[in-house]
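For reference, the structure discussed in these notes is given below.
As the structure lists them, so they are numbered: ligands from 1, and atoms in each ligand from 1.
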Amino acid sequence: MSKPSDKALVPFVSVDNMMRLIHHIGVEEMLRGLADYVEADFKRWELFDKTPRVASHSAEGVIELMPTSDGEVYGFKYVNGHPKNTRDGLQTVTAFGLLADVGTGYPVLLSEMTVLTAMRTAATSAMVARHLAPKGAKVMAMIGNGAQSEFQSLAMKAICGIDTVRLYDTDSAATEKCARNLAGSGLKIVKCKSPEESIEGAQLITTCTADKQYATILTDNMVGSGVHINAIGGDCPGKTELAPAILKRSDIFVEFPEQTRIEGEIQQLEPDHPVTELWQVIAGTVPGRKSDDQITLFDSVGFAIEDFSALRYVRDRLAGSDLYLDLDLLADPDDPRDLFGMLLRAEGDTA
Ligand code: NAD
């Protein structure tokens, strides 16, 4: 049987190899590296093709495609969000993604992205907090202690220098799991019995819950002046975490307004409620935090450029490593017009 040429083989990073890559680099070092890649791509935001993600909603969840391109490289992620999955022993969020060469259209990387999405989401949150959180913030409330929570905590430690996380989840088993996983991290861990207890003394509040409804994880009276809120779990139509009154007291920062107005906390506000685009803060053209008593809110929904940055980071680390498999993904006849001839010859080869 004819062998595919090297240019038709696509490097594939499995879950196993992604975990080897993360351990090889170190979780916190890789979170810092990802944050730098995301930040660099936010700085060249205007170069990218941008579109709200393409979502297919069902009663139980959502399946989404997230495409973008910087003109040289194209990328997309497939991702789902099914809050009820954990009851059946399945992940709420799973993902895989691809980079392709714009010049030929040939894929150049296929990768697992369930673990990588947790890493990129946390790295993005912390990169944004580096711009918006009060200076010297040391304590974070971490509400929702599921799959993303350790990543969020470690990114805020590695990138923003927090030293304490105050954990709360409606399911105490999730809090126990998170505390256990973070035990050797150097963070001081405080397990809390209520969301009110978790925010005591916190300058940073991360909400990272999963529920397919307009939930109220934080009520207005829980949020004091000067804090930074990192709202991760409200990322779908009809799925939010914050009381609208908090939004009205906050300066709201978003990734791509066209997508966030559909999916983020701000779906609860008027469509013309003012928001700031993060890329402008990161590029230095508009200010981030302006005063000590301002409430800053990152209304995170996750945008395609963050996945593109994460895939770019992974690709840059694969050369010369054994952290990928070559996939025979693309048909590659010796004569590009003789696809059928290749098929005929294969019959002889397999007879
Ligand atoms: P998960 O299902 O593993 O964990 C969610 C946790 O929230 C569970 O432990 C659950 O018990 C807890 N929870 C539910 N309601 C709660 C409440 N009222 N108060 C406190 N805790 C509550 O989910 P995950 O993979 O950790 O994802 C968390 C959320 O983040 C999901 O909604 C997901 O869609 C979202 N997400 C957003 C981004 C982004 O870029 N913004 C990326 C990935 C995931």
Proximity to ligand 1 by part of [X], non-hydrogen separation under 4.0 Å:
X      : result
Ala174 : side chain
Met142 : neither
Val301 : backbone
Asp235 : side chain
Glu306 : neither

Polar contacts were defined as any N/O atom of the residue lying under 3.5 Å from an N/O atom of the ligand; does this apply to [X] and ligand 1?
X      : value
Arg120 : yes
Asp169 : yes
Ser149 : no
Asp211 : no
Ile143 : no

Which protein non-hydrogen atom lies closest to [atom], naming both residue and atom, and how far is it?
atom                    : value
atom 3 (O) of ligand 1  : Ala147 N, 2.9 Å
atom 31 (C) of ligand 1 : Thr209 O, 3.5 Å
atom 26 (O) of ligand 1 : Gln148 N, 2.9 Å
atom 18 (N) of ligand 1 : Ile217 CD1, 3.2 Å
atom 19 (N) of ligand 1 : Thr170 CG2, 3.6 Å

- Message: Would Glu241 count as a contact residue for ligand 1, given that I'm defining contact as a non-hydrogen atom of the residue lying under 4.0 Å from a ligand atom?
- Response: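 Outside the 4.0 Å threshold, so no.
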- Task: Using non-hydrogen atoms of the residue, decide whether Phe303 is closer than 4.0 angstrom to ligand 1.
- Result: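 No; Phe303 lies far enough from ligand 1 that no heavy-atom distance drops under 4.0 Å.
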From [atom1] ([X]) to [atom2] ([Y]), nearest 0.5 Å:
X      : Y      : atom1 : atom2 : result
Leu21  : Ser14  : CG    : OG    : 10.5 Å
Leu325 : Leu9   : CG    : CG    : 11.0 Å
Ile232 : Ser125 : CD1   : OG    : 3.0 Å

Any side-chain heavy-atom pair from [X] and [Y] closer than 4.5 angstrom?
X      : Y      : result
Leu109 : Leu318 : yes
Lys157 : Ile162 : yes
Leu154 : Leu182 : yes
Met66  : Met113 : no
Arg20  : Asp322 : yes

Should you measure from each heavy atom of [X], which atoms of ligand 1 turn up under 4.0 Å away?
X      : result
Ser300 : 39 (C), 40 (O), 41 (N)
Cys208 : 5 (C), 28 (C), 30 (O)
Ile232 : 30 (O), 35 (C), 36 (N), 37 (C), 38 (C), 41 (N)
Gly146 : 3 (O), 4 (O), 6 (C), 9 (O), 26 (O)
Thr86  : 2 (O)

Among [options], closest by any non-hydrogen atom to [atom]:
atom                    : options                      : result
atom 38 (C) of ligand 1 : Val93, Thr121, Asp299, Leu90 : Thr121
atom 5 (C) of ligand 1  : Gly81, Pro83, Ala118, Ala210 : Ala210
atom 2 (O) of ligand 1  : Thr92, Thr94, Asp171, Asn230 : Thr92
atom 32 (O) of ligand 1 : Glu255, Lys84, Lys239        : Lys239

- Item | Distance-only donor-acceptor check, side chains Asp169 and Thr175, under 3.5 Å |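 There is no such pair (donor and acceptor under 3.5 Å, judged by atom type) between the side chains of Asp169 and Thr175.
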- Relative to the ring of Trp45, is the ring of Phe256 parallel (under 30°), tilted (30 to 60°) or perpendicular (over 60°)? tilted
- Message: Test side chain to side chain donor-acceptor pair (under 3.5 Å) on Gln259 and Glu263; report intermediate values, then the result.
- Response: CA-CA 6 Å; Gln259 181 177 308; Glu263 303 177 350; 3.2 Å; yes
- Query: Could Asp163 and Lys188 be called an ion pair, given the rule that one side-chain N must be under 4.0 Å from one carboxylate O?
  - Reply: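 Salt bridge between Asp163 and Lys188, a charged N being under 4.0 Å from a carboxylate O: no.
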- Message: Any carboxylate oxygen within less than 4.0 angstrom of a Lys/Arg side-chain nitrogen, looking at Lys50 and Glu258?
- Response: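 Salt bridge between Lys50 and Glu258, a charged N being under 4.0 Å from a carboxylate O: no.
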- Has Gln213 got more than 12 heavy atoms of other residues, nucleotides or ligands less than 6.0 Å from its CD? yes
- Item | Ring-face cation contact, Tyr313 with Arg317, 6.0 Å cut, 45° max |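 Yes, a cation-pi geometry.
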